[in-house]
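Ligands are counted one by one from 1 in listed order, and the atoms in each one are counted from 1 as well. Given the structure is predicted, the values throughout are model-derived calculations rather than measurements. Computed over heavy atoms, backbone and side chain alike; hydrogens, waters and symmetry mates excluded.
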Amino acid sequence: MKNDVIVIGAGASGLMCAIEAGKRGRSVLVLDHAECAGKKIRISGGGRCNFTNVHMGPEKYYSLNPHFCKSALARFTPQDFIAMLEKYHIQYYEKEEGQLFCRKNSLDVLEMLREETAKAGIAMRLKCKVNDVGKEERFRVITSQGMFEAESLVVATGGLSFPALGATGLGHRISRLFGLRVTPLSPGLVPFEFNRNDLKTFGTLSGLSLPVKVRCRDREFQGKMLFTHQGLSGPAMLQASSFWKPGDILTIDLLPGQDALEIFRTRQGSRTEMHNLLAELFPRRFSRAWSALHVSSKPLCQYTDRELVEIAGQLHNWEVKPKGTQGYGKAEVTVGGVETDELSSKTMESRKVPGLYFAGEVIDVTGQLGGYNLHWAWASGYVAGQYA
Ligand SMILES: Cc1cc2nc3c(=O)[nH]c(=O)nc-3n(C[C@H](O)[C@H](O)[C@H](O)COP(=O)(O)OP(=O)(O)OC[C@H]3O[C@@H](n4cnc5c(N)ncnc54)[C@H](O)[C@@H]3O)c2cc1C
């Protein structure tokens, strides 16, 4: 069967690309091996879909080439997506730090995309496994439902994260097949797992949350840190995980914006026990566990200034060496992807293979937490849809 465009992947970027190409009068076929479209959209943002962020900007994205995302972000803005939602009377709200969520749930966004694909005359084949892809004069896609041909092929298959929702390495494989480079891949926005000793000490604190600043390599993130049964999660840790490499140490400031030494010094003459003072600063369960490792408690008046400097330093620079992360199974995104130098930032088309396009998470562009990854999927899909 011949089409103008085949889009592999009925996720955020693939659907947006198909809609835009369809609006241009192209005949578009979308293929996906899942039984329904947009599975990740459905569960995103805890079921409410954090679909974009009002603080959009290229600085919210990581890539070997930090400039690559600029053109797409300039051509499809948060306001453009909001305008789509408003056309469908979908209500949304700003939660925190510019994050926009559906007021009801993510099914509103899915229903909107379904209607838009119907209006644009998009054909869709679900439960369709892609076995092979090649190019002669046209692209050929061999699937469990037969062979399909098209002038343009858009690879919108996402990254490796959450295989339970249909993620596979197909996009990276197609990229390599056509001789396009793929940068190293790793799970991002993913919880950490404690090493054995920390698990014994802190594994019982599950559910407890603290405001922290965490440093990983040359990046710093401020926000909540959440203790889980296995390790550390919460926004600050998830953000740090996108940069973490095996063996790296996380340096955690447990009192961001405060001066622990100053707090100690104001109480230096008192008979308050150090562990009681720490229990005033932190939830008691945490202060007990942390003090057991770092402090031999005695009344504050018995500490030398040097000892206080040392404890304050540890509170501002608590070093944790995770055993690892929870991996792709629990990662919100995949860091890395098709190398951006291989693609035109204006069209998302391969420089080497005319007619071959990429969109979404399969490309080496990773967003911070907070609606940036879905927005990259919409924006890159939108751009590819103008040319495919
Ligand atoms: C639990 C979770 C929550 C998230 N919440 C948010 C959020 O609130 N806000 C945000 O910005 N980002 C969020 N993200 C990230 C965001 O969902 C993704 O970055 C985004 O969906 C990527 O869009 P995409 O179109 O590139 O890929 P996907 O949405 O992953 O779509 C890829 C499609 O390709 C199909 N596919 C894959 N392999 C094959 C194959 N071999 N054959 C046929 N089809 C194939 C898949 O079935 C899928 O439908 C979340 C991610 C997860 C896992």
Side-chain angles (χ1 to χ4, degrees), residues 6-18 29-53 56 60-61 78 81 92 95 98-102 105-106 109-110 113 124-133 141-145 148 154-174 187-191 235 238 242 326-335 337-338 348 358-382 384-385:
I6 291 176
V7 178
I8 310 181
S13 62
L15 293 174
M16 184 59 94
C17 174
L29 172 65
V30 179
L31 306 174
D32 201 299
H33 64 164
E35 66 290 357
C36 59
K39 277 186 159 185
K40 274 194 189 165
I41 300 172
R42 186 182 298 243
I43 54 114
S44 65
R48 285 219 163 143
C49 186
N50 176 198
F51 52 83
T52 191
N53 195 301
M56 191 56 56
K60 305 292 185 184
Y61 294 88
F81 196 77
Y92 58 90
K95 197 173 166 192
Q99 302 170 11
L100 299 187
F101 285 77
C102 294
N105 60 44
S106 54
V109 172
L110 278 177
L113 295 169
M124 195 168 316
R125 282 182 182 254
L126 298 171
K127 295 187 192 164
C128 182
K129 188 168 177 284
V130 174
N131 294 323
D132 201 9
V133 171
V141 182
I142 297 156
T143 77
S144 54
Q145 297 183 18
F148 303 96
V154 183
V155 180
T157 47
L160 299 173
S161 38
F162 260 72
L165 293 174
T168 69
L170 179 68
H172 308 123
R173 199 146 49 80
I174 294 176
L189 300 181
V190 60
L238 295 176
S242 295
Q326 288 188 15
Y328 290 114
K330 288 283 152 65
E332 264 194 32
V333 284
T334 299
V335 179
V338 178
M348 302 291 142
F358 290 83
E361 201 181 309
V362 71
I363 302 174
D364 170 33
V365 173
T366 308
Q368 293 189 7
L369 195 71
Y372 297 105
N373 285 297
L374 274 174
H375 192 87
W376 170 247
W378 311 130
S380 55
Y382 172 87

Sort out the contact shell of ligand 1: every protein residue with a heavy-atom distance below 4.0 Å, listed by chain and number.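 Lining ligand 1 at under 4.0 Å, by heavy atoms, one finds Gly9, Ala10, Gly11, Ala12, Ser13, Asp32, His33, Ala34, Lys40, Ile43, Ser44, Gly45, Asn50, Ala156, Thr157, Gly158, Phe162, Gly166, Thr168, Leu170, Ala331, Glu332, Gly360, Glu361, Gly371, Tyr372, Asn373, Leu374, Ala377.
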
Applying side-chain contact (heavy atoms from CB on, under 4.5 Å), run through Val338 and Val155 and close with a yes or a no. CA-CA 11 Å; Val338 178; Val155 180; over 6 Å; no

Ser161-Glu361 side chain donor-acceptor pair, cut-off 3.5 Å: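 Ser161 vs Glu361: donor-acceptor pair found between side chains.
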
Measure the acute angle between the ring planes of Tyr61 and Tyr372, then classify it against the limits of 30° and 60° as parallel, tilted or perpendicular.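 Answer is perpendicular, since the angle exceeds 60°.
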
Run the side-chain contact (heavy atoms from CB on, under 4.5 Å) check on Leu160 and His172 step by step: do they pass? CA-CA 9 Å; Leu160 299 173; His172 308 123; 4.0 Å; yes

Please walk me through it: do Leu113 and Ile41 pass side-chain contact (heavy atoms from CB on, under 4.5 Å)? CA-CA 11 Å; Leu113 295 169; Ile41 300 172; 3.8 Å; yes

Can you tell me how far CG of Asn53 sits from CD of Gln99, rounded to the nearest 0.5 angstrom?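 That separation rounds to 6.0 Å.
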
